[in-house]
Structures are given as structure tokens and as C-alpha cells.
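Worksheet: the structure to be examined is printed underneath.
Per chain, numbering begins at 1; letters A, B, ... match sequence-line order.
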Amino acid sequence: MSRINNWASRVGLVAALGLAVFGFVMVAPQLESADHKDGPRVSGDPKADINDVYAFRSTENSANVVFALTVNPLTPPAQNLSAMFDESVSYNFHIDQNGDLTPDITAAFTFDGDTFTVTGLGAQPITGDVTPLSTTEAVTPVVNTEGPIRIFAGLRDDPFIMDLVGIQGFIANPVTPVNGVRPAGETPTDTFGGTNVSMILVELPITVATGGTNANSGTINAWGSTSRGGVQIDRMAVPGLNVLVVPDAQKDAFNSAVPANSQAQFGSTITQAIQGLRDAVMSVLPAENGGPLGNLSAAQVSAALSPDAVTIDFSSPVQFPNGRRLQDDVVNAALGVVLNRGGATGISDGVDTLDKPVTATFPYAASPHLLGATDAPGTFTPAPAFRVSLTVWNGGGYPLLDAAVGTGNSVWVMVDGKFHGYTVGAPAFVNANFISMLPAGIATRTAVVVSRPQ
Amino acid sequence: MVSIMTRSPRNWVLLGFGTIALALAVSAAGSASGDPSRPDTASTDRIAALLTETNGAIAFWEDRVARDAADFVAYNKLGDLYLRRAEQTGDVSDYARAQVALESSVTLLERNYEGRVLLAYTYNSQHEFEKALAFAEALVEEYPDKPFGWGVLGDAQLALGLYDAADRSYGRMVGLAPSLASFSRAAHIAEVRGDLALAELNWDNALRVDSGAAPEASAWARVEFGRFHFNRGDLDVAEEAYHASLDMYPGNIHAIASLGAVRAARGDDDGAIALYEQVVDRNPLPDYVIALGDLYTRTGDHAKADRLYALADAIGQLYEANGIRDELTLILFDADRGVAPARALARAEQALDGRPSIWSADTYGWALYRVGRLEEARAQAEVALSLGTQDALLYFHAGMIAAGQGDTAAAIDYLNEALRINPYFHVLHAGHARAALEAMAADS
């Protein structure tokens, strides 16, 4: 029997007791009496977790509609390279043309390395290229064109803005809001500010989407979903719906359901949740006076929202709640509808400005946030200015370190209370001990001393 | 046999290494052909890139909480990232950071499954198993359809010797989410309960569904899989798995040490010593320090062996001084040495009290044997064997105890069983088992 010991008790404690600890240590030694080592952590399924779904009239060609779907929410620039699409997942756009909430068109995207294939947009599958990822360089977005259809797949700044922290806190514990939905002493923050998402964006003629004859008529329902092996993982269209009014115990079931049966399955629980929220905020908000869609009962709101599909009537201006543009501040409207307050404008979470503006040209969503030049791997902050400088290393392996320090110069790191030096370009035996202690190089944000006699 | 060596270059794209992620073509076989303890430049750059990414993400969310102390989203992200960094670097202070971040998150927002499940996981990692158990029990009651909660609950139950409960919890997890995380747990509990076929099946499942999104987890799984086979004497399969692990996470000391064990099993003591020396140099974990000492004993270099044993001794005393009482490796080592049998016994008794399990029973039994309390030792050994766990060392202990009692028939059975399960089960004790069998055969 493999005797497995909890690895923390080994490595961790050895470290705590002042013995040098390096190297990959996830596995516990297993040679004898083993209490079980914890199995791997589970950190969700972000590549299949839909952040938002958008549907708007193209600003380059008013005869076209643009659909977009985002996954990998809350990706900071440091993790841009991990914001990929999952090769085992199908990313799907669904369009219902006749109001029965079953899809008449499904565009299904799958990925394979740096290419994608989409079926359902015409007789033949369409293939194209994913826009390459970078943490530091601006990359020109790849525009994939097939007849009247244009497709983008890659990293973008997340256009979604919301004080998620404030709203979750407000729902959990309603107190009279002072700033946005925050109490006194707190400042509303865009939780999604400075973060990126993986986006699939498709532009196609409105007549293809509606099955109609002109670009200024016809109504569709649209939503997005992800699936793996034919099993649905997530689906989404209405912003904030799952967060605000689907009870915790039902969230997974809701994500596995489809619009056609959602009202039957979840309508009454959502009605109760909406009413519960309205009751909870009675003492902390001004009286109900109707939301952006009018003075609606909880049941009416539930009926409208529970299918979790976005409706677009092309004879009216296409903007939330009639579709959803990238720049629409949907949270305020959603809050207002659910809480039945705020009239035409809704209640505000206090966060109203996009961190990066959207553009008028394809692919419309702003380019992703990157690591600042002063934070990028391979640099020091602050830049070493003297013969001997105390500074902070921004990470990276030996090639980057060599380039940053310069031949003949040295960098010193403290390990276990002692300085250890590394000299660029020195004979191997000089640096052998340093390299064996730090085989992957100096860790990010380590304080170092740089000595530059050269 | 599941193929664990084949990873097409395209799969590396999924892991996102390099500045333009799609332009990489990494040789997956680099470390397999060279010295496993000295990964090539491309491999160490990959590790550096992983760590740089983790640290960069941590910096982002730390800035957030500095500006907004109510940001539970950031605290959850930090908890997950600190745990990840601890796995990548071995820095135990990240456990404390994870605990603080997640406790903050959970205090800020109660309806917070992500924060709570990660906090329970952190408690397990810190050996606070009773705390983890209580936490996880409440969690699965509120969120019965979330798989990871069941996994963490099972981890706590297993650590506390509640084997049937752990089996049920892991079963719930697999049922809700077939994944590396769930199948590897199911494989482990099957192994503990002596069901090798089921363990093998679950290991195959685990490796098959592994998405490779977390290279350190994939590398860990290959080492565990390899050890499962090593413990049954399947050296070739084990070796292949360890090389696969190094492909995924180059330079990882557990794969290197495990390769050392394979060399020792093949009789290449010098080769084994070379690998263990690299490992112990970087990270003097007790198991590896002791194994290296045992190898020097086997090759006759007693001076070096004694230095290593002294180091293991010192580590043991440090642990005790710091209140770490359940380190069974060191207690067994103490009993084996025979320098202070009464002390070893006291430590074993304390470990058993603190955390009853088949392994603490086995350790206690061995310590009793070393002070001559054979009948009690035998009873403990039989408790250790009661699940049918196919662990050669348990059978070896039982056999030596029986021999001490003069129960030759049982001794022969137990010792033969140990060698049947794994002829290479211990650098020194495998030889002791053979010697004892020969002696008993000569007497008869």
C-alpha cells in the first residue's frame, strides 16, 4: 500500500522549521505510514463558465447583428496566457425565431489549438484562427471572414461593469445604501475593472438571424450555452439573473436547463426570490415606484426573466433590455427591474464607467489589459540606478535575469537569512549552487540586491 | 494500459506557456532522455512562467483587497492562488495566508460556497482534520450537489480513519463530477481498502479525464499512479509514470525520488543514491533522508548513513518541539533505530490517540514490538491489516512480530505475503524479510 502522508505535514513543516524548502512539492512522500494526502483542489470550470452574452446591431453595418459570448471571467493580465478556450467544450449561440424558446439556429464553436470550427452558420462549417495571447504585447485582432459573416475569438477587455462585492453584500445584508449599494465608509468598485475575458464574437446579417426580409423588423430570442460531451454546463443571457434571484441550491440545475422549460421549472422559485428581495429591502430603500420596464409584480418579472433569453425586436433601438450592447450598464437596469424601483433608470450600483471604451469597428470590444511595462517579467521595479541597488524582481527565468542584470554584474537574493549571489556570464561552478537552490530562477516580487560594477 | 507518456505538442498550447502561447513547440521528451534531476532550459522556463503567472495574479488581487477590505471576490481568488503557489513552491507560509484570506471571505459573505470549500481544504492541508470535518459536513448539507465539498469531506474522514465514510463521500464526488480530482480520490480509498482492481480502474479514469489545466496536479497524479504500481512491484509502469510526471513538471523532487526508488529496486544503488542526493540537497523531507540513509547502509557506507540518520533524528525532534506529533515516518524510524525504544513507544501512542488509523496502529504495533510487548504488538498489527490493504510493510511488521512470538506459521505467511505484494518494499526490510524466512526454513 502506498503510504501517503499529508504533504503539508512534510514539506510545509520542514520549511516552517527553518530548513530550506524548494522545488515542486505537491506530492507527499509515500513510503510508509500514510494518512491520506489531500487530493487535488478543484477551482471551478472557468473556460466553460459563461460571463456574459451580448446581442447588438453592428456599428459598422446596420444591416448586421453581432452576438458575443464571454468566458474565463475575472482574468487579470498576469494570467492572460491561461485564458484559452477548452478543447473539450462546445460554445454555443442559440437563436429562436418564432417565439417558442427552442433554438432554430445553433452556432456551435469548438477549438483545437489555435483554430476554431463553427457549425450551424450556413451549409458548411467555418474554420478560423484564434487571436494569439500575450501578457505584454498588443496583438492585432484576427478577423475571420466568410461571406457576410465575421468572427473573432480571443482575449478582450471585459466590457462588463458591476460592483459585485457591493451587490452581493447588499443582498446578503440589506442596509441603507450610501454609496451605490454600499454602506457608509465603503466605495463602490467595479469588480471587473482591469480584468479580461475570452470572447467569441460573431457578426452576421440580421435577416439570417431573424429569417426575415429586412434589417428593421423581426423579433428573436437569443442565449448562449456551453457543453461538454453533449452535456450542458452553463447557459446565460440575462445579466445578473443567476446572481440575484436564483437560489444557491438551484444554481447548478438552472445552468443545466433550457429556456423552453425554465419558467415551468424555476418560475415560482424565482418569483419567491424576487419577492423575498423586495421584502428585505423595504426598510432600507425608498418605496417601490416601478422599475425600467414599469411597475411589475414579482411574478411578472419572473415570467419575463426566468427563460434567461434575451429578446431583440429589430424594429426598435437595439440596446438593453432590447438586446444588449457591450457598453450597456445592465446591472442598474437589472437591479431596478428586480427591486421594482428607480423608474426609467433603475437603481445604481455606483459603477457607471467602462474601464476601456468599446470601439466602433470590429471586433468592437476593447483590446485586453496588459501587464504594465514596469511590472512585466524580466524587469526590476524600480530600475536599478546605482552601482548597488536594492530593488524588486518582476519574475522570469534565467534568460530574462541575465538580460536584465547584464554580463559581469551580480544579483543577490536572501535565502534562509543568508545572501546568495548569481553573476551573469560567470563560469558554471560560480553559479552552480545558486542555480541548484533556485532552479526556476528568482520568484516574482522578490527583493534583491543588484550589483553592477560594469 | 493507459498511455501516459503521449502528450502531443498541441497539448502544451493548452497550458499557455510563453509570451505568444500558440507559437510554442516544446519537446515533451526532454527530461526523459537526460538526467531527470537537471531539467533543460525550456523546462525550467516553463516552471518559471507558471510561477510568474501565479505571483502576478496574486499581486493583482492583493492590490484589490488593499483598496477594498470588503472584497470577498478578491479574497477567494487569493485563497485559491496562495494554495496554488504553495503547491508550486513548497512555501508553507502560503497556507497561513490562504487561511486568513478565506476566513476573511467567509466572514464577509456567508453564502459563499467557493470560499468555504477552499477553507475546508486549507484546514485539511494544515492537518486540522477535526475542523475540516466539521466545516465540510456543514458544507455538504447545504450544497449536496457540489462535488468538491464531498471530496474535502472525504479527505478529512480518511485522515481520521473513518474509511467507510470516506468511501461514501468520494463516491458522491465521482457521481457528481468525473474528474482527475474525484477519480484519484476514489482510486486511493479503493487501494486503502485492498480493492486493487477498482483502484487501477479509477486511476485509469483519472488520467484519461485529466485536462492538464493544472500541470502540478497532473504531475502529482502521475507520481501517485506510479507509486501505486511500484507498491505492487511493477517497476516498468512506475518508471514510465515518473518520467511522464517530470515531463509535466520538470525537476519535481517526488518524481526524482521515486525514480531513485526504482533504481534501488533494480539493484543500482549508486544510481539511486545519486538521485536521492539531489533531492535531499534541495529538500530534506524525512522519507527521502531516511531512504538515502538506508541506501548508504546497504552499500556499507555507514558514516554517511549515520549522518543522514542523525539529520532525520534532528528533524524528528524539531517536529516534536513544534507540536507536530503525527509524523509516522519519523516515529517508525525512531522505533527501527532502537536507540530510544521507550521514547518511540510514547510517540507512537500519542500519534495513535491523536489520529487513529491503520497506519498509526501499525506504527504503534511496531513500537510495542521493539520494547518486547509482543502480544499487544500482534493485536495492533492485526488491526492494521484489518481492511485488507495490500501494503507490504504492514505484512512485514506483522510477520516479524509473529516470528518474535514463535508463531512461525503465521510469520512465514505474513513475510511471504509482504514479498509477494512488493519484493522491493523497503531498501533494508525487504532483505530482512528474506533473511528471516531463510532462518525459519533452516530451523524447520
[atom1] of [X] to [atom2] of [Y]: how many Å apart, nearest 0.5 Å?
X	Y	atom1	atom2	value
B:Trp61	A:Leu74	CH2	CG	4.5 Å
B:Asp71	A:Thr191	CG	OG1	6.0 Å
B:Lys146	A:Asp252	NZ	CG	4.0 Å
B:Leu50	A:Ser82	CG	OG	7.5 Å
A:Asn173	B:Glu110	CG	CD	10.0 Å

Distance-only donor-acceptor check, side chains A:Asp248 and B:Tyr113, under 3.5 Å: no

Go through the structure and list residues passing salt bridge (Lys or Arg N to Asp or Glu O under 4.0 Å) with A:Asp49, not counting sequence neighbours. none

Determine whether A:Arg41 and B:Val152 satisfy the following criterion, side chain to side chain contact (heavy atoms under 4.5 Å, CB included), listing intermediate values before the conclusion. CA-CA 9 Å; A:Arg41 281 176 303 106; B:Val152 174; over 6 Å; no

Side chain from CB out, backbone as N, CA, C, O: work out which of these in A:Glu186 comes under 4.5 Å of a heavy atom of chain B, or both, or neither. side chain

For A:Trp393, ring-ring contact (aromatic ring centres under 6.0 Å, His included) partners two or more places apart: A:Phe380

Who among B:Thr54, B:Leu51, B:Leu160, B:Asp68 has the most heavy-atom pairs with chain A under 4.5 Å? B:Asp68

So A:Val42 and B:Met173, side chain to side chain contact (heavy atoms under 4.5 Å, CB included) or not? Walk me through it. CA-CA 11 Å; A:Val42 174; B:Met173 188 184 182; 4.1 Å; yes

Looking at A:Pro40, is its backbone amide N or carbonyl O close enough to the side chain of B:Arg185 to form a donor-acceptor pair, meaning the two atoms are under 3.5 Å apart? yes

